[in-house]
Structure formats: C-alpha cells, structure tokens
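As structure tokens, the structure follows; a few thoughts come after it.
These figures come from a predicted structure and were not determined experimentally.
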There are 2 protein chains.
Amino acid sequence: MVKAGVAAAAAVRTTRGEATRQQLIDAAIETLKDHGYAGASARVIADRAGVNQGLIFYHFDSVTGLLLAALDSVSDMRQARYSSAVDGVDSPAELVGVASSILREDLDAGHVAVLVAMIAGAATTPGLGEEVAKRIAPWTGFARDAVAGVLADSPLGSLVPAESVGFAVVALYLGMEMLTHLDGDRAPATALFDQALQLATLLGGLGGAGGTAMPKDGERM
Amino acid sequence: MVKAGVAAAAAVRTTRGEATRQQLIDAAIETLKDHGYAGASARVIADRAGVNQGLIFYHFDSVTGLLLAALDSVSDMRQARYSSAVDGVDSPAELVGVASSILREDLDAGHVAVLVAMIAGAATTPGLGEEVAKRIAPWTGFARDAVAGVLADSPLGSLVPAESVGFAVVALYLGMEMLTHLDGDRAPATALFDQALQLATLLGGLGGAGGTAMPKDGERM
DNA sequence: GTCTATACTTGGATAGAC
DNA sequence: GTCTATCCAAGTATAGAC
C-alpha cells in the first residue's frame with residue numbers, strides 16, 4: 001500500500017478521525033435540512049452518520065460546535081459556487097438570471113434550509129446568535145458587492161443603494177426558502193424569479209449599456 | 001361583586017379555566033419570541049405562565065396544540081391590525097408607507113418572530129407543517145390582495161402580477177425578521193423601507209393617478 | 001488518539017389526588 | 001375542572017476502555 005508523504009503537510013493524509021469528522025458534518029447538514037434545528041440532536045445526527053453519539057463531543061465539543069461546522073461547510077461551498085457564477089456578469093438582467101438559476105439549485109438541494117435552521121436555532125441557544133451572525137454576514141456582503149458591480153454603470157445605481165438591495169436579496173432568499181419549504185411548492189418562487197428577470201431585462205433595455213437577457217450558468221465549482 | 005349574566009352567552013363569562021388557557025397562550029407567544037421553537041418546551045412555558053406544566057396537556061392536548069393556538073392568536077391579531085391600516089390606501093407609495101410603519105411595530109414587538117419560529121418548527125415536528133401552512137396562507141393572500149388593490153389603476157399593474165409581489169412581500173418580511181433578530185440591528189430594515197418608499201413615490205409620480213407620499217398610520221386596532 | 005458505555009438532565013405525557 | 005406526582009423517552013455530556 002502506497003502512503004504518499006507520511007511526514008508531509010497534514011492536509012493530505014486522511015486519518016480515521018478526519019473521516020468520522022467529515023461523516024458527522026455531512027450527517028449534520030442532512031439532518032438540519034430534513035428536521036430543522038430542533039430535530040438536529042446528537043443521537044439523530046450520529047445515527048445518520050453511522051457512528052457513536054459520543055464522538056460528536058470528542059470531535060466538536062458540543063452539538064452546537066458540530067452544527068456550526070456544518071454551517072461553515074455549506075456556507076463556504078455555496079459561496080464558492082456563487083462567486084464563480086457571478087464572475088463575468090455585468091448587467092442587472094444577467095445577475096438576476098444567474099441568481100435565479102442558482103437559487104433553484106439551492107431550493108432543490110436544501111442548502112438555504114441549513115442557514116434558515118441555524119438562524120432559527122440562534123434564538124434558542126445562548127451564544128449561538130453571535131456565531132451564526134458572523135457566518136451570515138459574508139452572504140449579505142457578497143450580495144451587496146454583486147449588486148454594486150452591475151449597478152455601477154447603470155442609471156439605477158443612483159436610485160437604489162447596493163447596501164439595501166443586498167440586504168433585501170438575502171432576506172428574500174431566506175423567506176422564499178421558508179415559504180417554499182413550508183408547503184413544498186416551488187412554483188411561486190420560480191414565478192417570482194421569472195418576473196424579476198423580465199423586469200430587470202426591461203429596465204436594462206431602457207437604461208444604460210448592459211443588457212444580454214439570458215444568464216450564463218457558470219457550471220464550474 | 002357583580003357577575004353579569006351567569007346563564008348568558010358563554011362568550012362573556014370568564015371561567016377560571018379560560019383564564020389559565022389565556023395565560024398559557026400569552027406565555028407561549030412570549031416564549032416563542034424569546035427562545036424560538038426549540039426553546040418552547042412545556043415546562044418553560046408553564047413556568048412563565050405561572051401554572052402547572054400538566055395543564056398544557058389538559059387544555060391543549062399537546063405542546064404543539066398550544067403553540068398552534070399561540071400562532072392563531074398572533075396571526076388573527078396582526079391581520080386585524082393590517083386590515084384596518086390598509087383600509088383606504090390607494091396608491092403604491094401609501095401602501096409601502098403603511099407596510100413600513102407596521103413592520104416597524106412587528107420587529108419591535110416580535111410578532112413576526114412567532115411566525116418565523118413556527119415555520120422553523122414545522123421542519124421538525126411531524127404534521128405541524130400542514131397546520132402552519134394553513135395559518136400562513138392568509139398572510140400571502142392578504143398581501144396579494146393589498147398589492148392588487150393599489151396596482152389596479154396603476155401602469156405597474158401590467159408589469160408585475162400581484163400574486164408574485166404578494167409572495168415576495170411575505171418572504172421579504174420573514175427574511176427581514178430573521179436577519180434583524182439575528183444581529184439585533186434594525187437599521188438595515190429601516191433603510192430598506194425608506195428606500196422602497198422613495199422608489200414607490202417616484203414610480204407613482206411617473207405613472208398613473210395615485211400618489212400621496214406619506215402614509216396614514218391607521219392607529220385603530 | 002479514537003471510540004464505547006454509562007451517568008445525569010430535561011422534556012412530553014398521564015394517572016390519579018383534590 | 002384543576003393540579004400534582006410520577007413514568008418513560010430523549011437529550012447532553014463524560015469517564016474510562018481500547
């Protein structure tokens with residue numbers, strides 16, 4: 001059996017502990033999606049991961065610690081996806097198109113459900129609010145910057161501050177997840193995005209330079 | 001002590017049981033606001049109400065039953081408030097103004113926090129989703145109708161379907177509550193509403209008939 | 001360092017006292 | 001009709017085996 005670089009940088013080698021650690025994070029993510037914060041107990045998560053419940057406390061100190069690691073994982077993963085997708089976009093219509101196609105992914109895969117669950121849980125567990133807030137801030141920041149980017153050379157830029165639009169987009173995003181998840185019907189969310197795309201295209205046409213209507217998907221991740 | 005109409009219609013007389021029942025509902029609402037769904041246990045709620053824990057099961061069959069009664073209470077109360085406030089509004093700018101001033105009430109008082117907590121809880125507790133969905137539907141319906149009302153004689157009406165706008169408004173509403181609650185900062189929410197009001201006033205000015213900029217508060221409740 | 005068995009706490013629910 | 005005492009299930013956390 002070839003073992004590449006025993007004394008090399010720690011990042012590469014996968015110890016047994018690292019494997020269970022990852023299994024626990026994955027199981028925590030799935031559990032948050034399916035059962036929300038209140039349903040994400042040590043026993044349920046550990047069962048799903050197929051490991052002993054006590055390992056959560058060994059690897060993450062507490063259930064809360066594990067859930068935060070899960071939030072980190074989802075947040076990092078999705079933001080990488082978003083960054084690469086938004087890269088090269090330069091009109092409001094394109095941005096709406098890209099946001100729309102990615103949100104569809106998120107709703108289907110339940111990525112935002114993890115954020116929603118953790119924000120909800122922040123109300124319950126002392127000290128969690130601060131930690132979750134730290135991890136949500138990049139989302140509003142990212143949205144603000146993306147909006148600012150396409151608004152810079154548009155006449156809309158002077159009407160709507162990117163700060164407010166970024167906040168609104170993330171809020172809308174979270175709210176849509178809640179409503180969609182609640183009655184299992186994606187149709188209103190889809191219709192809303194179609195609507196937004198149409199409107200953005202129209203405004204882009206009226207206004208300045210930009211304006212290809214259809215988004216590029218940005219498959220790279 | 002005067003006891004009006006002992007044999008009269010049941011609605012008026014307040015039995016001891018009714019009082020406890022109401023105390024429990026009030027305590028459940030406050031507990032959902034402060035500690036979220038996961039923190040709303042029978043013992044915590046009963047302690048807050050100053051009654052024995054077992055009474056929850058006597059009066060409401062289960063904790064879930066009590067929480068749904070609490071949701072009903074908040075939902076009914078707020079919708080009465082909304083209805084009376086929107087009554088007489090006939091321009092988009094006015095509507096945004098009214099919505100803005102009431103949302104400020106809601107954020108301060110934590111009314112929407114109860115909705116958010118229950119929607120989050122719906123992911124956890126089997127069967128709860130359906131019940132919560134039933135109680136949230138009137139909100140999107142109300143928003144849709146309010147939007148449709150002011151959009152009817154506006155040129156915007158043909159651009160944006162009230163259905164989608166209503167859905168978006170409720171989603172935005174829930175998302176704003178989450179973000180605001182999370183980092184305890186009302187400023188972004190306030191700024192967003194100021195922004196929306198400004199934009200609606202502008203669009204109203206460009207477009208059709210309506211357009212007094214300032215909302216009436218609709219103090220009656 | 002990794003994992004298991006076990007201790008302890010809290011929560012939902014009910015039988016029966018008042 | 002109201003409340004208490006109590007049962008059992010589920011939760012977090014740790015002491016100690018490997």
**Strand contacts (DNA chain D) in residues 114-133 of chain A, 4.0 angstrom heavy-atom criterion** = none
**Prompt:** Is any side-chain heavy atom of A:Leu68 closer than 4.5 Å to a side-chain heavy atom of A:Met118?
**Reply:** yes
**Request:** Report the residues that fulfil side chain to side chain donor-acceptor pair (under 3.5 Å) with B:Asp108, sequence neighbours left out, ordered by chain and then residue number.
**Result:** B:Arg186
**Message:** Restricting to side-chain contact (heavy atoms from CB on, under 4.5 Å), what partner residues turn up for B:Ala49, sequence neighbours left out?
**Reply:** B:Gln23, B:Leu24, B:Ala27, B:Val51
**Request:** For residues 131-143 of chain B, pull every pair meeting salt bridge (charged side-chain N to carboxylate O under 4.0 Å, His left out), keeping only residues two or more places apart or in separate chains.
**Result:** B:Asp72-B:Arg135, B:Glu131-B:Lys134, B:Glu131-B:Arg135
**Prompt:** Among all residues two or more places apart in sequence or in another chain, which pass the side chain to side chain donor-acceptor pair (under 3.5 Å) test with B:His59?
**Reply:** none
**Message:** So B:Ile136 and B:Val132, do their side chains get closer than 4.5 Å, heavy atoms only?
**Reply:** yes
**Prompt:** What are the residues of residues 54-63 of chain A, sorted by number, that bring a heavy atom to within less than 4.0 Å of DNA chain D?
**Reply:** A:Gly54, A:Phe57, A:Ser62, A:Val63
**Prompt:** Under the side chain to side chain donor-acceptor pair (under 3.5 Å) test, which residues partner A:Asp106, sequence neighbours left out?
**Reply:** A:Arg78, A:Tyr82, A:His111, A:Tyr173
**Complete:** Min and max contacting nt of DNA chain D in 5' to 3' order, chain B heavy atoms within under 4.0 angstrom, are D:dG1 to D:dT4
**Request:** Kindly state each residue pair satisfying salt bridge (charged side-chain N to carboxylate O under 4.0 Å, His left out) with at least one member in residues 163-176 of chain B, sequence neighbours excluded.
**Result:** B:Arg144-B:Glu163
**Complete:** Here the residues of residues 21-47 of chain B within 4.0 Å heavy-atom distance, strictly under, of DNA chain D are none
**Request:** Would you kindly give the CG-to-C1' distance between B:Leu66 and C:dA13, to the nearest whole Å?
**Result:** 14 Å
**Asked** Between B:Tyr37 and B:Val116, does a side-chain contact (heavy atoms from CB on, under 4.5 Å) hold up when you go through it step by step?
**Response** CA-CA 9 Å; B:Tyr37 183 84; B:Val116 167; over 6 Å; no
**Item:** Pairs meeting criterion salt bridge (charged side-chain N to carboxylate O under 4.0 Å, His left out) with involvement of residues 40-50 of chain B, two or more places apart
**Value:** B:Asp34-B:Arg48
**Prompt:** Of all residues at least two apart in sequence or in a different chain, which pass the side chain to side chain donor-acceptor pair (under 3.5 Å) check with B:Ser164?
**Reply:** none
**Whether over 12 other heavy atoms sit under 6.0 Å from B:Gln79 CD** = yes
